[in-house]
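For reference, the structure discussed in these notes is given below.
Remember, it's a predicted structure, so these values are computed and weren't measured experimentally.
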Amino acid sequence: MASDNTKDKSKSPWNDPYADPYISIENITKKFGDFTAVDNVSLKIYKNELFCLLGGSGCGKSTLLRMLAGFENPTSGRILLDGQDMAGIYPYDRPVNMMFQSYALFPHMTIEKNVAFGLHQDGMHKGEIRKRVADMLELVKLEDFAKRKPHQLSGGQRQRVALARSLIKQPKLLLLDEPLGALDKKLRENTQFELMNLQEELGITFVVVTHDQEEAMTLSSRIGIMDSGKIVQVGTPNEIYEYPGTRYVADFIGSINLFDGNVVEDEADHVRIQSEDTDATLYIDHGVAVTEGSRVGVAVRPEKMKLTRNRPDQADNVAEGIIDEVAYMGNLSVYRVRLKSGKIVKATLPNLDRDTEQFDWDEQVYVSWKPKSGLVLLS
Amino acid sequence: MRAGYLPLGKRLTSVLEPFANSVVGRFVVSIFGALGITGRTGVISIPFFWLGIFFLIPFAFVLKISLSESILAIPPYSDLIEWGEEGLISLHLNFGNFLFLLEDDLYWFSYVNSAKIALISTFFCLLIGYPMAYGIARASPANRNILLMLIILPFWTSFLLRVYAWIGLLKNNGLFNNILMGLGIIDEPIVMMQTDFAVYLGIIYSYLPFMILPLYANLEKLDGTLLEAASDLGCKPIKAFFVVTLPLSIPGIVAGSMLVFIPAVGEFVIPALLGGPDTLMIGRVLWDEFFNNRDWPLASAVAIAMLLFLVVPIMFFQYFQNKQSEAS
């Protein structure tokens, strides 16, 4: 897959065939009765990664996380953590800690006691515990709240307590179940960066489960997209966004305009597609190696679309339409354009200047894009 | 909550709505409104009224009798207020009954013994009831309802009958002794009736549901992810029970213990039917004073003293509940 960030590529262990994975999930299947929650998933996660499992509700991401924590036992397959097979190892014996979606703070204990809980279980010396807890509370900026009970804190503070509690044992692997789900948008953005800094500082491998694609894009080194118990695609946020492998992924991450059509010309360096949605043919600058006449989809991201009042000087990748809907978002304007074929496409245009020209309702426009903007989707 | 199931308050509103909108309803509402009684105060005043009529007034009677003197008459106590000549009203308050309670060891001993029996019974109810409540709370929803039903089922039979049934089981030629002798384990019957043992058994048996139900209500609410979190942090299940489940179920333990302890202190039927003559409990003493000695003033004083004796744990219970509701 052509990725232009060659700088990252050299240090990324997932591109190095000789790198040892830190967590190796091998053909894991989990069935609840007749229902298959996780279906033959294999995944390699490397040390110090912040790996996101992303998917809609019921896709099996949380079940996979619970199997890593040891709360569920896989029906078949195995999980290796740092070379050790996790089968038959109880949650309380695993070098893995979890931050729960509900935070699961002990309501009858102070913040200090909550954070110290894990260390107490290991029978650590009292003075050492006190020191470590104090350091940890300082790290998450809660040193003034040590003696409070969880119900006396705000949602954001509770989230940080939960994080502190799960980090204090310095686990080999930290699992985070929708870590920012309960926070409001502003707080979530700040916390995302705090979480990333913390992960870099501590050098702990994170596996995050989320349904929020923006969160996954911001946080992760790599994303694994799940659907109906299967991993559909694994890649860096950039790869997932720019080179989605399937319609499902393309549609799940960001928004997408999909044109269906038949391949009329397929060469090594380009492909031409005749679509019933547009008058002009669709021209993409990469070959797909399928037989001519096959039915494929062409995906174009809204921000890669251009809107003009006059027909642009290009034979391909252009369509005529009228503006159906306008949404001014401030940083950008979103237009829904009804093409002559009746298909509605979405285009987002950045408002680069204060007086960036806006299009009006029912205005006749041309939608166009470059050959390298589109992507052919075979499935 | 199941679909179509409305909370009681909502159901009541939906039932009362047609009435409130009718002519009669509007008339009633307007009269109450003119008296300054709005919907809220109206609703609250009903239980207050109930308590006033059926608790405070009888209590005032008992208090009055406890301050009078025992005489041979019908009713067998003197009037507190005497109407004399020329509008002279004299008030006779006799605190002798209360002083007598302090003088005679019997009363003090009965109070202490009642408290002791109630306390030990409460402890055993907790010991037996906690695992049961825990088991029910952890059962699958279908089994849970069946198990709860089994706990409540004995209430469908009269309390008195159930205590009588124990006589049939415990007496010398009762079921237990017959079985043990039939199996050749014992040669002669074990005396169980009219012992403290029988009284404990009766109280624990009778009050066990009052321990289980509040405990169940508490344990059922326990968030399972807290136990997962404990396990995740390296805590083994048995220890997790003592550091997470048990401390969080203290409100249920307190509620259940109060519901067992308070009625058990004043229990009369069980010691009367199952206990021996030396099982002194304040409920029986009160009965004897009232019906055998016909000393109504002294019996009333015993009742008042018992009330004061019980107010302390009730106040503790209230205080604890308030603290709990503040915390959550």
Side-chain angles (χ1 to χ4, degrees), chain A residues 62 65-72 89-110 113-124 129 133 136 148-152 158 161-178, chain B residues 1 126 130 133-134 137-144 214-258 316-317 319-328:
Chain A
S62 292
L65 197 76
R66 290 174 61 79
M67 284 192 280
L68 287 169
F71 299 135
E72 309 282 357
I89 298 184
Y90 292 108
Y92 49 81
D93 285 331
R94 291 194 184 200
V96 175
N97 285 134
M98 178 152 163
M99 193 189 130
F100 291 81
Q101 185 176 7
S102 62
Y103 307 147
L105 299 178
F106 303 122
H108 57 301
M109 296 182 194
T110 59
K113 292 252 173 66
N114 262 285
V115 175
F117 191 88
L119 299 179
H120 274 298
Q121 304 315 311
D122 291 352
M124 188 182 275
I129 292 179
V133 169
M136 185 52 79
R148 299 227 190 148
K149 292 269 182 80
H151 71 266
Q152 293 166 312
R158 264 181 259 178
V161 177
L163 189 64
R165 190 181 67 176
S166 56
L167 281 172
I168 196 135
K169 291 183 86 171
Q170 295 168 334
K172 286 184 172 175
L173 171 63
L174 182 69
L175 307 170
L176 301 100
D177 190 1
E178 306 270 0
Chain B
M1 200 176 286
L126 183 62
Y130 200 104
Y134 190 86
R138 285 301 165 91
S140 71
N143 288 339
R144 197 183 294 171
L215 266 177
Y216 161 77
N218 174 283
L219 288 170
E220 193 243 5
K221 278 187 304 188
L222 185 81
D223 182 3
T225 54
L226 292 180
L227 294 175
E228 281 185 350
S231 173
D232 185 66
L233 292 163
C235 189
K236 291 191 172 125
I238 292 174
K239 195 180 171 198
F241 172 80
F242 287 103
V243 296
V244 178
T245 311
L246 197 62
L248 286 175
S249 63
I250 285 173
I253 293 175
V254 170
S257 299
M258 289 296 151
F316 169 73
F317 178 54
Y319 169 77
F320 193 83
Q321 273 211 322
N322 287 343
K323 225 176 76 174
Q324 277 296 319
S325 55
E326 269 168 35
S328 57

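Heavy-atom pairs under 4.5 Å with chain B peak, among Gly70(A), Pro107(A), Ser166(A), at Pro107(A). Contact count against chain A (heavy-atom pairs under 4.5 Å) is highest for Leu233(B) among Leu233(B), Leu227(B), Thr225(B).
In this structure, the portion of Arg66(A) lying under 4.5 Å from any heavy atom of chain B is its side chain and not its backbone. Residue Met99(A) does not touch chain B at all, counting heavy-atom pairs closer than 4.5 Å. At a 4.5 Å heavy-atom cutoff, Ile168(A) makes no contact with chain B through either its backbone or its side chain. Neither the backbone nor the side chain of Ala240(B) comes within less than 4.5 Å of any heavy atom in chain A.
Shown here for Val96(A) and Asp232(B), the closest heavy-atom pair between the two residues is O-OD1, 3.5 Å. Across every non-hydrogen atom of Phe71(A) and Glu228(B), the tightest pair is CZ-O, 3.4 Å. Taking every heavy atom of both residues into account, Lys239(B) and His120(A) meet most closely at NZ-O, 4.5 Å. Nearest heavy atoms, Pro247(B) versus His108(A): CB-CD2, 3.5 Å. Contact between Pro237(B) and Tyr92(A) at its shortest, heavy atoms only, is CD-CE2, 3.5 Å. The minimum heavy-atom distance between Leu226(B) and Phe106(A), with the atom names listed, is O-CE2, 3.3 Å.
Crowding of Lys172(A) atom NZ: a count of heavy atoms from other residues, nucleotides or ligands under 6.0 Å exceeding 12.
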**Request:** List the steps, then state whether side-chain contact (heavy atoms from CB on, under 4.5 Å) holds for Phe117(A) with Val243(B).
**Result:** CA-CA 10 Å; Phe117(A) 191 88; Val243(B) 296; 3.9 Å; yes
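Between the CE atom in Met98(A) and the OG atom in Ser231(B) there is a gap of 11.0 Å [rounded to 0.5 Å].
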